[in-house]
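A quick write-up on the structure given underneath.
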Protein chains: 2
Amino acid sequence: MTDKSPPFDELDRKIVAILIENARASFAEIGAVVGLSATAVKRRVDRLRKTDVITGFRATVRPAALGWRTEAYIEVYCDSAAPPRRIAEVARKYPEIAAAMTVTGAADALLHVRATDVEHFEEVLERIRSEPFIRKTISYMVLSHLLPESPEAGASESAPVAVPGGATGDATNLP
Amino acid sequence: MTDKSPPFDELDRKIVAILIENARASFAEIGAVVGLSATAVKRRVDRLRKTDVITGFRATVRPAALGWRTEAYIEVYCDSAAPPRRIAEVARKYPEIAAAMTVTGAADALLHVRATDVEHFEEVLERIRSEPFIRKTISYMVLSHLLPESPEAGASESAPVAVPGGATGDATNLP
DNA sequence: TATGAAATAATTCGGAC
DNA sequence: GTCCGAATTATTTCATA
């Protein structure tokens, strides 16, 4: 299910790389770069969307501009009986939780939380800590970001578009 | 500098919320929702872009579809003399580092890293650890995500669009 | 199966009000 | 803020390899 039939060739990768940088690039514009007609580009983009390689197009914003000025990561320690499913249920209840994942190490899960300010964060933390199966939390407040990039409304992370080692140099490379 | 002159009203927030969910929504489409003409919406979007409330439009993809199948957070401990600036310089050198930030707690910084596989991650980790002023690292491999949302090419985090406490209910609310 | 070209529908964009 | 018209873009249709 991870590898579907449609071959993902070099052209697709270039197109995806361009759309990651600018979701509003016109098909003709993309075609001029990759050497394809606008029609062909559109067909490929449609297919990439249908096969869920491209999952959406979204505007990225400065969280601070929308009032989200506080960010933190929370390590969550649960009762041994609590399965990840239960954590997921809780995470879905809080719009402040931008991401939740199970991780290696002592903690059972890691939460990425955004709040408007410290007071708001404290309130959210208290609510999370009062969940029945949560035994302990350790919070790490984010002080400042050292990289720019895609500070979407909540997400402050970007994509490594270039290939890691031995890239050919152009920005359209992907692993 | 955080609060600029242009008033950010309810209409702007609705427009931003719509564009976060679909960066390719047409101005007329947005206008129909917020009760504005397409022209008026465009002018507002142009202004939101100019004032850097909206920082860009980008396609979101499944990292796994592009070959990024390994994800981790790395706590970085530095020599006491190393300033955040030095960490930022290092972070910029690695395309695998999707996010880097200073945090509270014992660690000096937290890195969000994406790699194609465990071997690739180990290579990146070794390179990071060999940086002169880095004294220690602790890695937390991400096992599975508990929330869906915006797994952009590298970013797996989404935005809390809804207002936290006492929201009015509709999805266009922001703090 | 994939492409390109032309025709049509929709959208963007600028000016006038 | 709206209305209108020109330029651009998206989308469909058709033909080809």
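In what follows, chains carry the letters A, B, and so on, assigned in the order in which the sequence lines appear, proteins first and then strands, with residues in each chain numbered from 1.
Inspection of the B:E71 and B:Y140 side chains reveals no N or O donor paired with an N or O acceptor under 3.5 Å. Side-chain contact check for B:T137 and B:R129: at least one donor-acceptor pair (N or O, by modelled atom type) lies under 3.5 Å. No donor-acceptor contact under 3.5 angstrom links the side chains of B:E75 and B:Y73, judged on distance only.
A salt bridge links A:E123 with A:R127; the closest basic N to acidic carboxylate O contact falls under 4.0 Å. We find that B:D12 and B:R47 are joined by a salt bridge, their nearest charged nitrogen and carboxylate oxygen being less than 4.0 Å apart. With salt bridges taken as basic N to acidic carboxylate O contacts below 4.0 Å, none links A:E131 and A:R86.
The main-chain N or O of A:G56 is found under 3.5 Å from a side-chain atom of B:T60 such that the two form a donor-acceptor pair.
The distance from atom CZ of A:R44 to atom P of C:dT1 is 14 Å, rounded to the nearest whole Å. Atom CG of A:L11 is separated from atom P of C:dT1 by 18 Å (rounded to the nearest Å).
A cation-pi arrangement is present between B:R24 and A:F57 under the rule of less than 6.0 angstrom and at most 45 degrees off the ring axis.
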**Prompt:** Using a cut-off of 4.0 Å between protein heavy atoms and nucleotide atoms, how would you tag nucleotides 4-17 of chain C 5' to 3' with B, S and -?
**Reply:** BBB----SSBB---
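The overall bend of the helix from C:dT1-D:dA17 to C:dC17-D:dG1, read as the angle between its terminal helix axes built from five base pairs each, is 30° when rounded to 10 degrees.
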